[in-house]
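For reference, the structure is listed below as structure tokens.
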Amino acid sequence: MTIIGRATAQAPANIAFIKYWGNRDQALNVPQNSSLSMNLAGLYAETTVIWIDEASEDRLALNGDTTIGEALARVSAHLDVLRQRIGFRHRADVISSNNFPMGAGIASSAAAFAALTVAGAAAAGIDLSERELTTLARIGSGSASRSVPSGFVEWHAGNSHESSYAESIAAPDHWQLIDVIAVVSGVHKAVGSKMGHRSADTSDLQAARVSGADVRLENCRRAIVERDFAAFARVVEHDSNLMHAVMMTSRPPLFYWLPPTLTIMEQVRGWRAEGLNVCYTLDAGANVHCICTADTADIVRNRLMEMSDIIDIRSASVGEGSRCI
Ligand code: PMV
């Protein structure tokens, strides 16, 4: 067996301010609405891809353990996407690790599929544009498209594989926001986002959520460009509430919140009423992402530390995109 090529990439997790929930094309992850996020510096997946001639199957080592079953099947399916694009048949060894808990509201799949895409292409020796890398990463996990470009990133919904891509709207240093993540559960969520996207249309509220998404995205983009925290907080919390309203009214319903989740959300609203630059947003999990300006992060962290039921607190500033190392 011969090694055809090898590369390692690092890709950040990201937190969405305007959420992606529901696809118009399930197989390609072409979403029903555009979304907007920031990359999380220091919370990343690191993935090595080694293309091997004459190997009979793909292999995956995840956080140090040889992995089979569903995780390997998803990685292998994504390698098929890359193989088709690159035009070869070789199998690969994939060695990947995350430095944050998986499946609990910090987008591990986004970082994982962005890193796999960037490393897979580099290991094959082909130089793809950033735009194309975002479209390929998207097929692995929609939000992975947003982990490829740097800083604040918009994913244009589009209506086809080529037109559904992500691009940076502002560099990491444009606005020093911090995501202070209150981890209230390290448990792997019962219903992952892949199933969740499929169920979005079973909620009567999804059509209403989607129809207002472009206006919310425009308001959020403007708030970021103008560094207007009050406007930012309004639209970010509203958009998160809308997504969770869809989740809770889907059939069967999806409740991701735990009791401490709601307590923290209430506190955050109170702190903002006091004048602190902080707002909350939640992904498909119970953990609360408290987005604040850099001068407010220590105060928010200290206040969260005084609360019970929080098992960990992570902080991340705005991060660069994916890169080979
Ligand atoms: O990319 P996925 O399939 O893991 O979906 C991500 C969905 C949310 O995290 C809930 C929202 C988002 O836009 O990141």
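For ligands, and for the atoms within them, numbers begin at 1 and follow the listed sequence. Just so it is clear, the structure is predicted and the values come from calculations on it, not from any experiment.
Among the atoms of W21, none of the N or O lies under 3.5 angstrom from an N or O of ligand 1. The shortest N or O to N or O distance between K19 and ligand 1 is not under 3.5 Å. Taking distance alone, with nitrogen or oxygen atoms compared against 3.5 Å, S35 stays at or beyond that limit from ligand 1. Considering backbone and side-chain atoms together, N14 places no N or O closer than 3.5 Å to any N or O of ligand 1.
In R269, the CZ atom is not crowded: 12 or fewer heavy atoms of neighbouring residues, nucleotides or ligands sit closer than 6.0 Å.
Checked against side-chain contact (heavy atoms from CB on, under 4.5 Å), S240 has the following partners two or more places apart in sequence or in another chain: K19, H244, T281, L282.
Side chains of T134 and S145: a donor-acceptor N/O pair is absent below 3.5 angstrom, by distance only. Checked by atom type, the side-chain pair T293/T296 shows a donor-acceptor distance below 3.5 Å.
Hydrophobic clustering (ILVMFWY, side-chain heavy atoms < 4.5 Å, transitive): Y280 and Y20 are in distinct clusters.
Residue-ligand proximity, S193 to ligand 1, at heavy-atom distances under 4.0 Å covers atoms 2 (P), 3 (O), 4 (O), 5 (O). Of all the atoms in ligand 1, the ones that sit under 4.0 Å from a non-hydrogen atom of A284 are 10 (C). The ligand atoms of ligand 1 that sit less than 4.0 angstrom from a heavy atom of R146 are 12 (C), 13 (O), 14 (O). Taking every non-hydrogen atom of S109 and a distance limit under 4.0 Å, the qualifying atoms of ligand 1 come out as 4 (O). Atoms of ligand 1 found under 4.0 Å from any heavy atom of M243, numbered from 1 in the order shown, are 10 (C). Under a 4.0 Å criterion applied to the non-hydrogen atoms of H197, ligand 1 contributes the atoms 2 (P), 3 (O), 5 (O). Listed by number with element, the atoms of ligand 1 under 4.0 angstrom from any heavy atom of A16 are 12 (C), 13 (O), 14 (O). Ligand 1 places these atoms under 4.0 Å from at least one heavy atom of S141: 1 (O), 2 (P), 3 (O), 4 (O).
For the pair D309 (side chain) and V184 (backbone), a donor-acceptor distance under 3.5 Å is absent. Side-chain N or O atoms of N39 include one that pairs as donor or acceptor with a backbone N or O of E320 at under 3.5 Å. The main-chain N or O of W21 is found under 3.5 Å from a side-chain atom of R209 such that the two form a donor-acceptor pair.
The residue K194 has no part lying near ligand 1, judged by heavy-atom distances below 4.0 Å.
Screening residues 152-164 for salt bridge (charged side-chain N to carboxylate O under 4.0 Å, His left out) gives E154-R221 as the qualifying pairs, with residues at least two apart or on separate chains.
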